[in-house]
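Written out below as structure tokens is the structure these notes cover.
As a basis for the values below, the full set of heavy atoms in this structure was taken, side chains included, without hydrogen atoms, waters or symmetry mates. Reminder, nothing fancy here: chain letters follow the sequence lines and each chain counts from 1.
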There are 2 protein chains.
Amino acid sequence: MQSLPSAPGPDTLPLYQRLAQALRSEIAAGIHPVGSGLPTEIELCARHGVSRHTVRAALRLLVDQGLIERRQGAGSRVIADTPPVAYVHTIRSLSELFSYTRDTTLEIADAETVTLGEAEAAAIHWPPGTRWLRITGVRWTADRSEMVCHVTVFVHARFAELLTDVSRQDGPIHALVEARSGERVEEAVQEVSAAAMPPAAARALGTRTGAPALRILRRYLDASGAPMMVAVNWHPGDRFAYTIRLRRDDEPA
Amino acid sequence: MQSLPSAPGPDTLPLYQRLAQALRSEIAAGIHPVGSGLPTEIELCARHGVSRHTVRAALRLLVDQGLIERRQGAGSRVIADTPPVAYVHTIRSLSELFSYTRDTTLEIADAETVTLGEAEAAAIHWPPGTRWLRITGVRWTADRSEMVCHVTVFVHARFAELLTDVSRQDGPIHALVEARSGERVEEAVQEVSAAAMPPAAARALGTRTGAPALRILRRYLDASGAPMMVAVNWHPGDRFAYTIRLRRDDEPA
DNA sequence: TCTCATTTGTCCGTATGTATA
DNA sequence: ATATACATACGGACAAATGAG
């Protein structure tokens with residue numbers, strides 16, 4: 001039986017945390033390579049002379065840190081040799097994907113069901129021929145002093161009947177779809193690129209066609225990875241920037 | 001003593017999960033308003049007729065979901081009445097901030113210590129007059145078949161002496177700074193905007209000056225929020241997009 | 001397909017330490 | 001200083017999932 005390291009003073013870490021440290025060290029040292037199994041709970045009890053309760057508390061820490069995964073009946077398996085999460089960007093709602101989407105309102109100019117043509121389909125990375133409810137409009141700042149971007153939203157046709165009154169609603173469209181359909185957006189993929197402002201957006205925004213513009217494509221996916229909704233935003237390049245802040249997210253260990 | 005709801009079949013949730021559900025319902029219903037204290041562990045044991053172990057497992061779920069916080073000696077406090085829907089963008093290293101920064105190499109054209117002028121200072125959001133090591137170059141794909149972007153990196157002058165051999169190094173500069181100085185990047189702020197390609201970058205990349213380009217400004221901050229390093233990348237707008245994927249981060253409950 | 005040993009999951013009881021009010 | 005409340009740690013028992021035979 002090994003003894004867990006412990007400082008002499010009264011400020012030692014709890015037993016289960018020292019055990020977790022020891023296991024992290026063993027994993028980092030390659031004693032338990034990624035993909036291999038960790039010793040069983042009972043074996044760890046015997047090896048370190050602690051109760052199963054303590055072993056389970058330690059293993060829970062490793063699970064929380066993404067180092068191991070556990071399956072009832074099968075054991076614990078090492079899935080990473082270093083705490084995988086280094087930096088995270090967390091948002092509380094998809095509206096914050098582009099932070100200023102709060103405190104803005106969408107003025108809808110048009111909403112109709114369309115069949116995707118070649119060009120439009122390619123632009124949103126989806127095969128042509130499918131039917132979508134296409135909503136176009138302009139997003140304004142809350143005080144309506146400034147236009148934020150030109151918006152085109154494609155909502156999957158199966159939600160179209162839920163959105164017949166969309167032009168009189170406010171709030172994010174994806175939230176409306178979620179609330180009325182009961183389906184949840186499980187994942188969102190955002191693509192930011194620079195391109196020349198297209199004529200339609202330039203007309204709506206009163207800018208020059210061809211000027212540098214920020215194009216933001218957001219795809220809202222359900223649990224199976226199929227798109228529920230796709231939004232294309234065109235922002236005047238000289239007025240808007242997309243900012244994210246990532247914080248280091250690991251334990252001092 | 002209340003009895004936790006349980007379906008008749010054999011497919012009931014574990015006791016501690018049902019208890020967590022019950023507590024979530026009570027919080028959502030305003031029985032335990034945000035800011036108020038939850039009953040103590042012992043009281044919850046008595047009230048629901050379960051062991052303290054079970055109560056603690058349930059409360060741990062609520063902590064993980066961000067609904068309550070607990071302090072030894074003080075009790076449990078409600079900090080939110082609805083599971084804060086979080087979407088997270090997780091990266092394992094700052095190099096993945098722009099995903100293709102992996103598998104690319106930076107060809108350094110120039111490195112010299114400079115005092116920031118007005119224009120440059122404004123561009124990186126920092127007062128003029130400060131001294132920085134300015135490194136310029138072009139980032140190539142791994143097979144050197146294509147130029148990815150034009151790069152200007154400003155490293156705080158206190159790190160300059162650690163980077164005298166920077167042109168012969170590869171790997172991310174921020175990693176070099178971290179390794180040699182011992183200071184850690186605690187936070188990174190990235191700003192993406194569209195602008196006309198400036199002449200210097202256009203020359204280096206062989207593109208047209210004034211064409212739509214993606215400008216990415218990354219500021220690497222230390223624990224006190226002071227910038228350790230600032231990087232400005234110019235990408236040809238027609239060739240590159242910045243993609244992030246956010247996953248829903250909550251439990252099925 | 002079925003059995004069976006293994007392994008983790010759940011749940012109980014008890015005791016003591018430590019931070020808080 | 002005392003009582004309270006959460007944290008840590010020991011013990012035992014059975015259930016459920018897994019995987020091998």
Side-chain angles (χ1 to χ4, degrees), chain A residues 1-23 32 35-79 251, chain B residues 1-23 32 35-64 67-79 251-253:
Chain A
M1 155 185 147
Q2 305 167 11
S3 81
L4 277 342
S6 124
D11 49 349
T12 58
L13 282 173
L15 192 50
Y16 73 98
Q17 292 185 27
R18 297 209 307 272
L19 175 54
Q21 275 189 337
L23 292 172
H32 309 296
S36 72
L38 225 51
T40 67
E41 295 181 359
I42 305 297
E43 196 173 329
L44 289 171
C45 292
R47 189 179 295 187
H48 295 96
V50 298
S51 73
R52 186 164 167 233
H53 182 93
T54 301
V55 166
R56 286 178 61 77
L59 293 178
R60 182 162 49 233
L61 287 182
L62 299 190
V63 169
D64 289 345
Q65 291 168 10
L67 290 176
I68 67 171
E69 73 180 3
R70 319 187 64 202
R71 266 168 53 240
Q72 186 175 156
S76 305
R77 204 170 61 91
V78 179
I79 58 175
E251 319 218 354
Chain B
M1 156 185 146
Q2 305 166 11
S3 80
L4 277 342
S6 123
D11 50 349
T12 58
L13 283 173
L15 192 50
Y16 73 98
Q17 292 185 25
R18 297 209 307 272
L19 175 55
Q21 275 188 338
L23 292 172
H32 308 298
S36 72
L38 226 50
T40 68
E41 294 181 359
I42 304 297
E43 197 172 329
L44 289 171
C45 291
R47 189 180 295 186
H48 295 97
V50 298
S51 76
R52 183 152 171 245
H53 184 94
T54 301
V55 167
R56 286 176 61 76
L59 293 179
R60 181 161 49 232
L61 286 182
L62 299 190
V63 169
D64 289 345
L67 290 177
I68 67 171
E69 71 180 4
R70 320 188 63 200
R71 264 168 54 240
Q72 186 175 158
S76 305
R77 205 169 60 91
V78 179
I79 58 175
E251 318 218 355

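Straight-line distance from the CG atom of B:Leu44 to the C1' atom of D:dC6: 12 Å, rounded to whole Å. Separating the CG atom of A:Leu19 from the P atom of D:dT8 is a distance of 14 Å, rounded to the nearest angstrom.
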Can you check side-chain contact (heavy atoms from CB on, under 4.5 Å) on B:His48 and B:Arg18, steps first, answer last? CA-CA 11 Å; B:His48 295 97; B:Arg18 297 209 307 272; over 6 Å; no
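To the nearest 0.5 Å, the span separating CG on A:Leu61 from CG on A:Leu67 amounts to 10.0 Å. Distance OG1/A:Thr40 to CZ/A:Arg52: 9.5 Å, rounded to 0.5 Å.
Looking at B:Leu23 and B:Ile68, their side chains never come closer than 4.5 Å, going by heavy atoms from C-beta outward. Side-chain contact check for A:His32 versus A:Pro39: some heavy-atom pair is nearer than 4.5 Å.
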Which letters describe nucleotides 1-11 of chain C, given B = protein heavy atom under 4.0 Å from base, S = only from sugar-phosphate, - = neither? -----BBBBBB
